[in-house]
Amino acid sequence: MFLVALIKSLFITLVVVGFFLPILTWVERKQSALMQDRIGANRASLAGVSILGLLHPVADVLKLMSKENAVPGGANRLLHLMAPLIAAIPVIAAFAVIPYGGNYRFGAGELSLVAADIDWGVLYVFAIASLASFGAVLAGWASNNNWSLLGGIRAAAQMISYEVTMGLTLVPLFMVFGTLRLTQMGEAQDTVVPAFAFLRIFGLDGLPTLLQAISIPAWGLFLNPPAFILFLTCIMAENKRPPFDLPESESELVAGYSTEYSGMRFGLFYLSEFIQVVVVAGLVTAIFLGGWTIPWLSQAEIIGAIEPWFGESVATGACLLFHVTSFFAKVAFVIWLQMLIRWSLPRFRYDQLMDLCWKVILPASLLNIFATAFVMLALGDVR
Amino acid sequence: MAEYAGVLIIFALAVLLTGGMLAIQLRLAPKRILQEKLEPFECGESPLVAPRRRYGVKFYLVAILFIVFDVEASYFYPWGVVFRELGAPALVAIGIFTVPLVVGLLYEWCKGALEW
(Lines give C-alpha, C1' and ligand atoms only; values in the text may rest on other atoms or scores of the structure.)
Protein backbone atom coordinates (compact mmCIF):
# COMPACT_ATOMS: atom_id res chain seq x y z
CA MET A 1 0.00 0.00 0.00
CA PHE A 2 2.70 2.43 1.09
CA LEU A 3 5.02 1.13 -1.63
CA VAL A 4 2.41 1.74 -4.34
CA ALA A 5 1.87 5.29 -3.09
CA LEU A 6 5.64 5.82 -3.07
CA ILE A 7 6.01 4.61 -6.65
CA LYS A 8 3.11 6.73 -7.88
CA SER A 9 4.45 9.85 -6.12
CA LEU A 10 7.97 9.22 -7.40
CA PHE A 11 6.68 8.78 -10.95
CA ILE A 12 4.78 12.07 -11.08
CA THR A 13 7.54 14.02 -9.30
CA LEU A 14 10.22 12.67 -11.61
CA VAL A 15 8.15 13.26 -14.74
CA VAL A 16 7.44 16.84 -13.72
CA VAL A 17 10.77 17.89 -12.21
CA GLY A 18 13.00 15.63 -14.29
CA PHE A 19 11.31 15.92 -17.66
CA PHE A 20 8.78 18.75 -17.94
CA LEU A 21 10.90 21.33 -16.08
CA PRO A 22 14.06 21.12 -18.23
CA ILE A 23 12.05 20.75 -21.42
CA LEU A 24 9.96 23.79 -20.48
CA THR A 25 12.98 26.06 -20.02
CA TRP A 26 14.01 24.98 -23.51
CA VAL A 27 10.49 25.37 -24.97
CA GLU A 28 10.26 28.86 -23.49
CA ARG A 29 13.41 29.94 -25.33
CA LYS A 30 12.68 28.08 -28.53
CA GLN A 31 9.06 29.18 -28.86
CA SER A 32 9.89 32.82 -28.13
CA ALA A 33 12.59 32.60 -30.78
CA LEU A 34 10.15 31.13 -33.27
CA MET A 35 7.51 33.75 -32.52
CA GLN A 36 10.00 36.62 -32.72
CA ASP A 37 11.72 35.30 -35.84
CA ARG A 38 15.04 34.65 -34.12
CA ILE A 39 17.26 31.58 -34.23
CA GLY A 40 16.98 31.04 -30.51
CA ALA A 41 18.63 28.68 -28.12
CA ASN A 42 21.46 26.95 -29.96
CA ARG A 43 24.64 28.00 -28.16
CA ALA A 44 25.10 25.35 -25.46
CA SER A 45 26.91 22.48 -27.11
CA LEU A 46 28.86 19.42 -26.19
CA ALA A 47 31.80 18.60 -28.47
CA GLY A 48 30.30 20.88 -31.10
CA VAL A 49 26.86 19.23 -31.06
CA SER A 50 23.99 21.36 -29.79
CA ILE A 51 20.89 19.25 -30.74
CA LEU A 52 18.52 22.19 -31.29
CA GLY A 53 19.73 23.79 -28.06
CA LEU A 54 18.47 20.92 -25.93
CA LEU A 55 21.62 21.15 -23.81
CA HIS A 56 20.62 24.57 -22.50
CA PRO A 57 18.76 23.20 -19.46
CA VAL A 58 21.91 21.30 -18.44
CA ALA A 59 24.00 24.44 -18.83
CA ASP A 60 21.41 26.35 -16.79
CA VAL A 61 21.58 23.97 -13.87
CA LEU A 62 25.38 23.88 -13.89
CA LYS A 63 25.54 27.67 -13.99
CA LEU A 64 23.00 28.18 -11.20
CA MET A 65 24.71 25.56 -9.04
CA SER A 66 28.14 27.11 -9.34
CA LYS A 67 27.12 30.74 -8.76
CA GLU A 68 27.85 32.47 -5.51
CA ASN A 69 24.98 32.89 -3.12
CA ALA A 70 25.07 36.61 -2.42
CA VAL A 71 22.91 37.71 0.51
CA PRO A 72 22.64 41.48 0.94
CA GLY A 73 23.87 42.98 4.19
CA GLY A 74 20.63 44.09 5.81
CA ALA A 75 18.69 41.01 4.77
CA ASN A 76 16.95 38.68 7.16
CA ARG A 77 19.12 35.67 6.44
CA LEU A 78 16.69 33.01 7.63
CA LEU A 79 13.72 34.34 5.65
CA HIS A 80 15.98 34.98 2.67
CA LEU A 81 16.82 31.27 2.68
CA MET A 82 13.27 30.09 3.37
CA ALA A 83 11.47 32.18 0.74
CA PRO A 84 12.56 30.19 -2.33
CA LEU A 85 11.84 26.93 -0.51
CA ILE A 86 8.35 28.13 0.42
CA ALA A 87 7.83 29.12 -3.20
CA ALA A 88 9.01 25.84 -4.68
CA ILE A 89 7.93 23.05 -2.32
CA PRO A 90 4.13 23.57 -2.39
CA VAL A 91 4.11 23.88 -6.17
CA ILE A 92 5.69 20.44 -6.52
CA ALA A 93 3.38 19.07 -3.81
CA ALA A 94 0.30 20.24 -5.74
CA PHE A 95 0.79 17.27 -8.06
CA ALA A 96 -0.24 14.86 -5.32
CA VAL A 97 -3.93 15.09 -6.26
CA ILE A 98 -3.79 15.56 -10.03
CA PRO A 99 -4.72 12.22 -11.63
CA TYR A 100 -2.65 11.17 -14.63
CA GLY A 101 -4.68 8.05 -15.31
CA GLY A 102 -7.91 6.37 -14.33
CA ASN A 103 -8.74 3.41 -12.16
CA TYR A 104 -7.71 0.04 -13.58
CA ARG A 105 -8.59 -3.49 -12.45
CA PHE A 106 -5.93 -6.16 -12.83
CA GLY A 107 -7.39 -9.45 -11.65
CA ALA A 108 -8.03 -8.97 -7.95
CA GLY A 109 -5.98 -5.78 -7.58
CA GLU A 110 -6.89 -2.25 -8.48
CA LEU A 111 -4.59 0.52 -9.61
CA SER A 112 -5.60 4.17 -9.44
CA LEU A 113 -3.12 6.49 -11.13
CA VAL A 114 -3.04 9.38 -8.69
CA ALA A 115 -0.62 9.89 -5.81
CA ALA A 116 -3.31 10.83 -3.29
CA ASP A 117 -7.01 10.47 -4.13
CA ILE A 118 -8.42 12.84 -1.51
CA ASP A 119 -12.03 13.96 -1.72
CA TRP A 120 -11.31 17.71 -1.57
CA GLY A 121 -8.74 17.54 -4.37
CA VAL A 122 -9.42 20.89 -6.02
CA LEU A 123 -9.41 22.71 -2.69
CA TYR A 124 -6.10 21.03 -1.85
CA VAL A 125 -4.56 22.49 -5.00
CA PHE A 126 -5.93 25.95 -4.15
CA ALA A 127 -4.68 25.77 -0.57
CA ILE A 128 -1.25 24.53 -1.57
CA ALA A 129 -0.88 26.95 -4.47
CA SER A 130 -1.73 29.90 -2.23
CA LEU A 131 1.08 28.88 0.11
CA ALA A 132 3.46 29.66 -2.73
CA SER A 133 2.47 33.33 -2.60
CA PHE A 134 4.14 33.54 0.82
CA GLY A 135 7.40 32.75 -0.95
CA ALA A 136 7.22 35.85 -3.12
CA VAL A 137 6.09 38.08 -0.23
CA LEU A 138 8.78 36.84 2.15
CA ALA A 139 11.45 37.17 -0.55
CA GLY A 140 10.47 40.79 -1.06
CA TRP A 141 10.42 41.49 2.66
CA ALA A 142 13.63 39.67 3.59
CA SER A 143 15.84 41.19 0.90
CA ASN A 144 16.04 44.71 2.38
CA ASN A 145 15.77 46.24 -1.05
CA ASN A 146 13.21 48.75 -2.28
CA TRP A 147 12.63 46.96 -5.56
CA SER A 148 12.18 43.63 -3.83
CA LEU A 149 9.74 45.03 -1.30
CA LEU A 150 7.60 46.66 -4.00
CA GLY A 151 7.63 43.43 -5.98
CA GLY A 152 6.67 41.41 -2.92
CA ILE A 153 3.76 43.69 -2.03
CA ARG A 154 2.55 43.69 -5.61
CA ALA A 155 2.76 39.90 -5.67
CA ALA A 156 0.74 39.67 -2.45
CA ALA A 157 -2.05 41.94 -3.69
CA GLN A 158 -2.21 40.27 -7.10
CA MET A 159 -2.18 36.72 -5.82
CA ILE A 160 -4.80 37.14 -3.11
CA SER A 161 -7.08 39.04 -5.51
CA TYR A 162 -6.96 36.33 -8.10
CA GLU A 163 -7.30 33.59 -5.50
CA VAL A 164 -10.83 34.74 -4.67
CA THR A 165 -11.96 34.75 -8.28
CA MET A 166 -10.11 31.55 -9.13
CA GLY A 167 -12.27 29.66 -6.66
CA LEU A 168 -15.48 31.26 -7.86
CA THR A 169 -14.79 30.55 -11.53
CA LEU A 170 -14.68 26.82 -10.79
CA VAL A 171 -17.97 26.64 -8.85
CA PRO A 172 -20.03 26.00 -12.04
CA LEU A 173 -17.88 22.92 -12.66
CA PHE A 174 -18.44 21.69 -9.10
CA MET A 175 -22.16 22.03 -9.79
CA VAL A 176 -21.95 20.11 -13.06
CA PHE A 177 -19.76 17.29 -11.73
CA GLY A 178 -21.10 17.32 -8.18
CA THR A 179 -17.70 16.63 -6.66
CA LEU A 180 -14.36 18.15 -5.68
CA ARG A 181 -12.48 14.89 -6.26
CA LEU A 182 -10.39 15.21 -9.40
CA THR A 183 -10.54 11.49 -10.18
CA GLN A 184 -14.35 11.56 -10.13
CA MET A 185 -14.31 14.61 -12.40
CA GLY A 186 -12.14 12.65 -14.82
CA GLU A 187 -14.47 9.65 -14.78
CA ALA A 188 -17.49 11.91 -15.37
CA GLN A 189 -15.77 13.24 -18.50
CA ASP A 190 -15.11 9.76 -19.90
CA THR A 191 -18.35 9.82 -21.91
CA VAL A 192 -20.12 11.77 -24.63
CA VAL A 193 -23.09 14.13 -24.62
CA PRO A 194 -25.32 15.17 -27.54
CA ALA A 195 -23.84 18.37 -28.89
CA PHE A 196 -27.12 20.22 -29.36
CA ALA A 197 -28.97 19.06 -26.25
CA PHE A 198 -28.69 22.55 -24.76
CA LEU A 199 -31.13 23.85 -27.41
CA ARG A 200 -33.88 22.27 -25.30
CA ILE A 201 -33.74 25.35 -23.04
CA PHE A 202 -35.11 27.38 -25.92
CA GLY A 203 -37.91 24.87 -26.45
CA LEU A 204 -36.35 23.41 -29.60
CA ASP A 205 -37.22 19.77 -29.10
CA GLY A 206 -37.73 18.43 -32.59
CA LEU A 207 -34.16 18.54 -33.83
CA PRO A 208 -33.24 16.86 -37.11
CA THR A 209 -31.93 13.34 -36.52
CA LEU A 210 -28.60 14.27 -38.02
CA LEU A 211 -28.02 16.98 -35.41
CA GLN A 212 -29.21 14.68 -32.64
CA ALA A 213 -26.63 12.11 -33.65
CA ILE A 214 -23.71 14.52 -33.24
CA SER A 215 -22.05 14.01 -29.87
CA ILE A 216 -19.14 15.71 -28.17
CA PRO A 217 -16.99 14.53 -25.27
CA ALA A 218 -18.49 15.52 -21.91
CA TRP A 219 -15.49 17.70 -21.10
CA GLY A 220 -15.73 20.66 -18.76
CA LEU A 221 -14.64 22.85 -21.64
CA PHE A 222 -17.78 21.96 -23.63
CA LEU A 223 -20.10 21.81 -20.63
CA ASN A 224 -19.17 25.30 -19.48
CA PRO A 225 -16.96 27.27 -21.90
CA PRO A 226 -17.08 30.62 -20.01
CA ALA A 227 -15.67 28.98 -16.89
CA PHE A 228 -12.71 27.70 -18.91
CA ILE A 229 -11.73 31.16 -20.13
CA LEU A 230 -12.24 32.79 -16.72
CA PHE A 231 -10.36 30.06 -14.88
CA LEU A 232 -7.42 30.02 -17.28
CA THR A 233 -7.09 33.81 -16.95
CA CYS A 234 -7.19 33.65 -13.15
CA ILE A 235 -4.75 30.82 -12.74
CA MET A 236 -2.30 32.37 -15.20
CA ALA A 237 -2.48 35.62 -13.23
CA GLU A 238 -1.90 33.61 -10.05
CA ASN A 239 1.29 32.26 -11.63
CA LYS A 240 2.71 35.81 -12.13
CA ARG A 241 3.94 35.11 -15.64
CA PRO A 242 3.55 37.65 -18.45
CA PRO A 243 1.18 39.29 -19.25
CA PHE A 244 0.55 39.28 -15.49
CA ASP A 245 4.18 39.61 -14.34
CA LEU A 246 3.70 42.88 -12.44
CA PRO A 247 5.59 41.63 -9.35
CA GLU A 248 8.79 41.16 -11.33
CA SER A 249 8.29 43.53 -14.24
CA GLU A 250 11.83 44.08 -15.47
CA SER A 251 11.25 47.55 -16.90
CA GLU A 252 9.93 48.90 -13.60
CA LEU A 253 11.28 46.91 -10.68
CA VAL A 254 14.59 45.42 -11.93
CA ALA A 255 13.53 41.86 -11.11
CA GLY A 256 10.90 42.45 -8.43
CA TYR A 257 11.02 40.21 -5.41
CA SER A 258 13.88 38.12 -6.84
CA THR A 259 16.24 41.10 -7.33
CA GLU A 260 18.56 40.12 -4.46
CA TYR A 261 18.64 36.43 -5.32
CA SER A 262 21.38 34.61 -7.14
CA GLY A 263 22.52 31.08 -7.74
CA MET A 264 20.25 28.18 -6.89
CA ARG A 265 18.01 30.28 -4.63
CA PHE A 266 17.05 32.29 -7.69
CA GLY A 267 16.88 28.99 -9.53
CA LEU A 268 14.20 27.79 -7.12
CA PHE A 269 11.96 30.78 -7.96
CA TYR A 270 12.54 30.00 -11.61
CA LEU A 271 11.73 26.35 -10.95
CA SER A 272 8.52 27.13 -9.06
CA GLU A 273 7.32 29.36 -11.88
CA PHE A 274 7.88 26.71 -14.52
CA ILE A 275 6.47 23.89 -12.42
CA GLN A 276 3.41 26.00 -11.79
CA VAL A 277 2.96 26.18 -15.56
CA VAL A 278 2.75 22.39 -15.49
CA VAL A 279 0.40 22.47 -12.47
CA VAL A 280 -1.88 24.87 -14.34
CA ALA A 281 -1.80 22.60 -17.37
CA GLY A 282 -2.51 19.51 -15.26
CA LEU A 283 -5.39 21.15 -13.42
CA VAL A 284 -6.95 22.59 -16.59
CA THR A 285 -6.59 19.20 -18.25
CA ALA A 286 -8.14 17.34 -15.31
CA ILE A 287 -11.12 19.67 -14.97
CA PHE A 288 -11.76 20.99 -18.46
CA LEU A 289 -10.09 18.74 -21.02
CA GLY A 290 -11.27 15.36 -19.83
CA GLY A 291 -8.19 14.48 -17.79
CA TRP A 292 -6.71 11.20 -18.93
CA THR A 293 -9.71 10.21 -21.09
CA ILE A 294 -9.63 9.76 -24.84
CA PRO A 295 -12.41 11.63 -26.66
CA TRP A 296 -15.26 9.46 -28.02
CA LEU A 297 -13.62 6.29 -26.65
CA SER A 298 -14.52 5.37 -23.09
CA GLN A 299 -12.39 3.08 -20.98
CA ALA A 300 -14.86 0.21 -21.33
CA GLU A 301 -14.85 0.59 -25.13
CA ILE A 302 -11.05 0.56 -25.36
CA ILE A 303 -10.71 -2.50 -23.14
CA GLY A 304 -13.58 -4.20 -24.95
CA ALA A 305 -11.94 -3.62 -28.32
CA ILE A 306 -8.55 -5.06 -27.37
CA GLU A 307 -9.69 -7.84 -25.05
CA PRO A 308 -10.80 -10.45 -27.67
CA TRP A 309 -7.27 -10.57 -29.08
CA PHE A 310 -4.93 -10.28 -26.13
CA GLY A 311 -6.94 -11.00 -23.00
CA GLU A 312 -8.14 -8.75 -20.24
CA SER A 313 -4.96 -7.81 -18.40
CA VAL A 314 -3.10 -6.85 -21.58
CA ALA A 315 -6.12 -4.82 -22.71
CA THR A 316 -6.25 -3.01 -19.37
CA GLY A 317 -2.52 -2.35 -19.51
CA ALA A 318 -2.79 -0.95 -23.04
CA CYS A 319 -5.69 1.22 -21.96
CA LEU A 320 -3.57 2.51 -19.06
CA LEU A 321 -0.77 3.43 -21.45
CA PHE A 322 -3.17 5.17 -23.83
CA HIS A 323 -4.68 7.14 -20.97
CA VAL A 324 -1.35 8.29 -19.50
CA THR A 325 -0.17 9.29 -22.98
CA SER A 326 -3.43 11.14 -23.57
CA PHE A 327 -3.07 13.00 -20.27
CA PHE A 328 0.48 14.17 -20.92
CA ALA A 329 -0.37 15.09 -24.52
CA LYS A 330 -3.15 17.34 -23.24
CA VAL A 331 -0.82 18.80 -20.61
CA ALA A 332 1.69 19.57 -23.34
CA PHE A 333 -1.05 21.26 -25.34
CA VAL A 334 -2.10 23.51 -22.44
CA ILE A 335 1.55 24.37 -21.78
CA TRP A 336 1.91 25.35 -25.43
CA LEU A 337 -1.23 27.48 -25.11
CA GLN A 338 0.22 29.26 -22.08
CA MET A 339 3.50 29.89 -23.88
CA LEU A 340 1.56 31.31 -26.81
CA ILE A 341 -0.30 33.73 -24.51
CA ARG A 342 2.88 34.58 -22.62
CA TRP A 343 4.77 35.59 -25.75
CA SER A 344 1.84 37.29 -27.51
CA LEU A 345 0.46 39.79 -25.02
CA PRO A 346 2.12 42.86 -23.54
CA ARG A 347 2.14 43.39 -19.77
CA PHE A 348 -0.91 44.81 -18.02
CA ARG A 349 -0.80 48.04 -16.06
CA TYR A 350 -1.39 47.53 -12.35
CA ASP A 351 -4.80 49.23 -12.33
CA GLN A 352 -5.84 47.19 -15.37
CA LEU A 353 -4.78 44.02 -13.59
CA MET A 354 -6.85 44.82 -10.51
CA ASP A 355 -9.81 46.06 -12.56
CA LEU A 356 -9.76 42.83 -14.55
CA CYS A 357 -9.94 40.84 -11.34
CA TRP A 358 -12.48 42.73 -9.26
CA LYS A 359 -14.61 44.43 -11.91
CA VAL A 360 -14.66 41.90 -14.73
CA ILE A 361 -13.86 38.38 -13.61
CA LEU A 362 -15.54 38.51 -10.18
CA PRO A 363 -18.95 39.70 -11.48
CA ALA A 364 -18.63 37.47 -14.54
CA SER A 365 -17.95 34.38 -12.44
CA LEU A 366 -20.90 35.15 -10.14
CA LEU A 367 -23.09 35.55 -13.22
CA ASN A 368 -21.75 32.30 -14.61
CA ILE A 369 -22.68 30.45 -11.40
CA PHE A 370 -26.30 31.59 -11.66
CA ALA A 371 -26.48 31.07 -15.41
CA THR A 372 -25.23 27.52 -14.93
CA ALA A 373 -27.79 26.93 -12.18
CA PHE A 374 -30.65 28.16 -14.39
CA VAL A 375 -29.51 26.08 -17.35
CA MET A 376 -29.23 22.99 -15.19
CA LEU A 377 -32.74 23.58 -13.86
CA ALA A 378 -34.11 24.27 -17.33
CA LEU A 379 -32.55 21.10 -18.73
CA GLY A 380 -34.06 19.09 -15.90
CA ASP A 381 -30.64 17.88 -14.77
CA VAL A 382 -31.51 18.69 -11.20
CA ARG A 383 -33.86 16.82 -8.95
CA MET B 1 -6.36 8.34 6.14
CA ALA B 2 -4.37 6.02 3.88
CA GLU B 3 -4.94 8.24 0.86
CA TYR B 4 -2.93 11.03 2.53
CA ALA B 5 0.26 8.94 2.32
CA GLY B 6 0.79 10.25 -1.21
CA VAL B 7 0.57 13.85 -0.05
CA LEU B 8 3.17 13.28 2.64
CA ILE B 9 5.48 11.42 0.28
CA ILE B 10 5.30 14.14 -2.37
CA PHE B 11 5.99 16.79 0.28
CA ALA B 12 9.00 14.81 1.45
CA LEU B 13 10.22 14.42 -2.15
CA ALA B 14 9.79 18.15 -2.78
CA VAL B 15 11.75 19.03 0.37
CA LEU B 16 14.50 16.56 -0.60
CA LEU B 17 14.72 17.88 -4.17
CA THR B 18 14.78 21.58 -3.35
CA GLY B 19 16.95 21.15 -0.26
CA GLY B 20 19.31 18.97 -2.24
CA MET B 21 19.68 21.60 -4.94
CA LEU B 22 20.59 24.22 -2.32
CA ALA B 23 22.99 21.79 -0.62
CA ILE B 24 24.81 21.02 -3.87
CA GLN B 25 25.19 24.72 -4.54
CA LEU B 26 26.64 25.14 -1.06
CA ARG B 27 29.43 22.73 -2.06
CA LEU B 28 30.04 24.03 -5.59
CA ALA B 29 29.63 27.78 -5.25
CA PRO B 30 32.47 30.13 -4.39
CA LYS B 31 32.25 32.43 -1.35
CA ARG B 32 33.95 35.80 -1.66
CA ILE B 33 32.35 38.43 0.49
CA LEU B 34 33.02 42.04 -0.54
CA GLN B 35 31.61 45.19 0.96
CA GLU B 36 30.04 46.15 -2.40
CA LYS B 37 28.24 42.83 -2.67
CA LEU B 38 26.50 43.37 0.65
CA GLU B 39 24.82 46.57 -0.49
CA PRO B 40 21.24 46.33 -1.71
CA PHE B 41 20.96 46.57 -5.47
CA GLU B 42 20.07 50.09 -6.62
CA CYS B 43 21.83 50.25 -9.96
CA GLY B 44 25.08 51.33 -8.29
CA GLU B 45 23.69 54.19 -6.23
CA SER B 46 23.49 54.08 -2.47
CA PRO B 47 19.85 53.69 -1.44
CA LEU B 48 18.19 57.02 -0.60
CA VAL B 49 15.53 55.55 1.66
CA ALA B 50 15.49 52.36 3.60
CA PRO B 51 12.89 49.79 2.60
CA ARG B 52 10.43 48.45 5.15
CA ARG B 53 8.70 51.76 5.51
CA ARG B 54 5.10 52.73 4.90
CA TYR B 55 3.50 51.89 1.59
CA GLY B 56 0.16 52.46 -0.14
CA VAL B 57 -2.93 51.82 1.98
CA LYS B 58 -4.49 50.29 -1.13
CA PHE B 59 -2.68 47.05 -0.44
CA TYR B 60 -4.24 46.75 3.02
CA LEU B 61 -7.64 47.42 1.49
CA VAL B 62 -7.15 44.62 -1.03
CA ALA B 63 -6.20 42.29 1.82
CA ILE B 64 -9.40 43.18 3.70
CA LEU B 65 -11.48 42.64 0.55
CA PHE B 66 -9.74 39.31 0.11
CA ILE B 67 -10.69 38.14 3.60
CA VAL B 68 -14.32 39.18 3.10
CA PHE B 69 -14.74 37.67 -0.34
CA ASP B 70 -12.72 34.53 0.23
CA VAL B 71 -14.79 33.60 3.26
CA GLU B 72 -17.95 34.27 1.31
CA ALA B 73 -16.68 32.39 -1.72
CA SER B 74 -15.95 29.34 0.39
CA TYR B 75 -19.71 28.99 1.00
CA PHE B 76 -20.16 28.45 -2.72
CA TYR B 77 -18.06 25.28 -2.83
CA PRO B 78 -20.25 22.96 -0.71
CA TRP B 79 -23.35 24.51 -2.24
CA GLY B 80 -22.03 23.81 -5.75
CA VAL B 81 -21.18 20.21 -4.94
CA VAL B 82 -24.68 19.34 -3.66
CA PHE B 83 -26.65 21.60 -6.02
CA ARG B 84 -27.80 18.64 -8.13
CA GLU B 85 -29.44 16.98 -5.12
CA LEU B 86 -30.95 20.11 -3.61
CA GLY B 87 -32.35 21.68 -6.76
CA ALA B 88 -34.37 24.88 -7.07
CA PRO B 89 -34.67 25.68 -3.33
CA ALA B 90 -30.88 25.76 -3.11
CA LEU B 91 -30.78 28.29 -5.93
CA VAL B 92 -33.16 30.57 -4.00
CA ALA B 93 -31.04 30.17 -0.87
CA ILE B 94 -27.76 31.02 -2.57
CA GLY B 95 -29.50 33.92 -4.33
CA ILE B 96 -30.43 35.37 -0.94
CA PHE B 97 -26.84 34.79 0.21
CA THR B 98 -25.40 36.49 -2.88
CA VAL B 99 -27.43 39.70 -2.61
CA PRO B 100 -25.46 41.21 0.32
CA LEU B 101 -22.23 40.04 -1.31
CA VAL B 102 -23.04 41.86 -4.54
CA VAL B 103 -24.31 44.92 -2.63
CA GLY B 104 -21.02 44.96 -0.75
CA LEU B 105 -19.06 44.75 -3.98
CA LEU B 106 -21.11 47.57 -5.52
CA TYR B 107 -20.60 49.70 -2.39
CA GLU B 108 -16.83 49.26 -2.58
CA TRP B 109 -16.94 49.94 -6.29
CA CYS B 110 -18.85 53.20 -5.80
CA LYS B 111 -16.68 54.24 -2.85
CA GLY B 112 -13.60 53.83 -5.03
CA ALA B 113 -12.02 51.01 -3.07
CA LEU B 114 -11.36 49.21 -6.35
CA GLU B 115 -9.66 52.20 -8.02
CA TRP B 116 -5.88 52.19 -8.33
Side-chain angles (χ1 to χ4, degrees), chain A residues 1-2 5-6 8-10 13 17 65-70 72-74 85 88-89 92-93 95-96 115-118 123 144-146 149 153 156-157 160-161 163-164 167-168 171 174-175 178-180 254 259-260 263-265 267-268 350-351 354 358-359 362 366 369 373 377 381-383, chain B residues 2-7 9-11 13-15 17-19 21-22 24-26 28-32 37-43 47 49-52 55 58-59 62-63 65-66 69-70 73-74 76-77 80-88 91 94-95 98 101-102 105 109 114-116:
Chain A
M1 180 65 215
F2 179 79
L6 182 66
K8 288 191 287 195
S9 315
L10 258 179
T13 316
V17 181
M65 291 275 189
S66 55
K67 283 270 182 186
E68 180 177 354
N69 213 348
L85 290 173
I89 292 171
I92 301 176
F95 275 98
D117 188 14
I118 54 183
L123 282 186
N144 192 33
N145 179 319
N146 286 310
L149 183 70
I153 295 167
I160 60 178
S161 295
E163 224 171 276
V164 175
L168 282 178
V171 173
F174 303 158
M175 290 155 65
T179 179
L180 289 172
V254 190
T259 305
E260 293 289 1
M264 207 57 224
R265 292 191 187 177
L268 284 185
Y350 206 76
D351 59 329
M354 285 303 188
W358 291 100
K359 295 184 183 173
L362 182 60
L366 282 176
I369 292 172
L377 285 176
D381 268 3
V382 181
R383 189 180 63 90
Chain B
E3 67 262 32
Y4 288 93
V7 175
I9 295 169
I10 283 212
F11 255 104
L13 284 175
V15 171
L17 271 171
T18 49
M21 287 176 190
L22 289 184
I24 294 174
Q25 189 209 10
L26 215 60
L28 290 181
K31 258 205 185 73
R32 289 181 208 101
K37 249 184 226 167
L38 290 176
E39 282 173 14
F41 178 83
E42 293 256 334
C43 312
V49 287
R52 299 176 189 171
Y55 42 84
K58 284 283 169 199
F59 293 104
V62 166
L65 290 187
F66 163 74
F69 277 92
D70 214 35
S74 62
F76 277 93
Y77 301 138
V81 171
V82 294
F83 175 64
R84 231 176 246 277
E85 284 101 76
L86 298 182
L91 183 59
I94 205 75
T98 315
L101 197 151
V102 172
L105 181 67
W109 199 325
L114 304 178
E115 305 298 326
W116 279 82

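Residue numbers begin at 1 in each chain, while the letters A, B, ... track the order of the sequences.
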Please list, chain by chain and in numerical order, all residues satisfying side-chain hydrogen bond (donor to acceptor under 3.5 Å, both in side chains) with S9(A), sequence neighbours excluded.
-> none

Residue, of [options], that accumulates the most heavy atom pairs under 4.5 Å with chain B:
{"options": "L180(A), V17(A), L268(A)", "result": "L268(A)"}
{"options": "D117(A), T179(A), N69(A), L6(A)", "result": "N69(A)"}
{"options": "L10(A), T259(A), T13(A), I118(A)", "result": "I118(A)"}

Mind listing the closest non-hydrogen atom pair of [X] and [Y] along with its distance?
{"X": "T18(B)", "Y": "A88(A)", "value": "CG2-CB, 3.8 Å"}
{"X": "F83(B)", "Y": "A373(A)", "value": "CZ-CB, 3.7 Å"}
{"X": "I10(B)", "Y": "F95(A)", "value": "CD1-C, 4.2 Å"}
{"X": "L377(A)", "Y": "G87(B)", "value": "CD2-C, 4.3 Å"}
{"X": "D70(B)", "Y": "V164(A)", "value": "OD1-CA, 3.8 Å"}

Excluding sequence neighbours, so at least two apart, what forms salt bridge (charged side-chain N to carboxylate O under 4.0 Å, His left out) with K359(A)?
->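 K359(A) satisfies salt bridge (charged side-chain N to carboxylate O under 4.0 Å, His left out) with D355(A), E115(B) only.
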
For S66(A), does its backbone N or O pair with a side-chain atom of Q25(B) as donor and acceptor, under 3.5 Å?
-> no

Based on non-hydrogen pairs under 4.5 Å, which of F59(B), F11(B), F66(B) is most in contact with chain A?
->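 Looking at each of F59(B), F11(B), F66(B) in turn, F66(B) comes out on top.
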
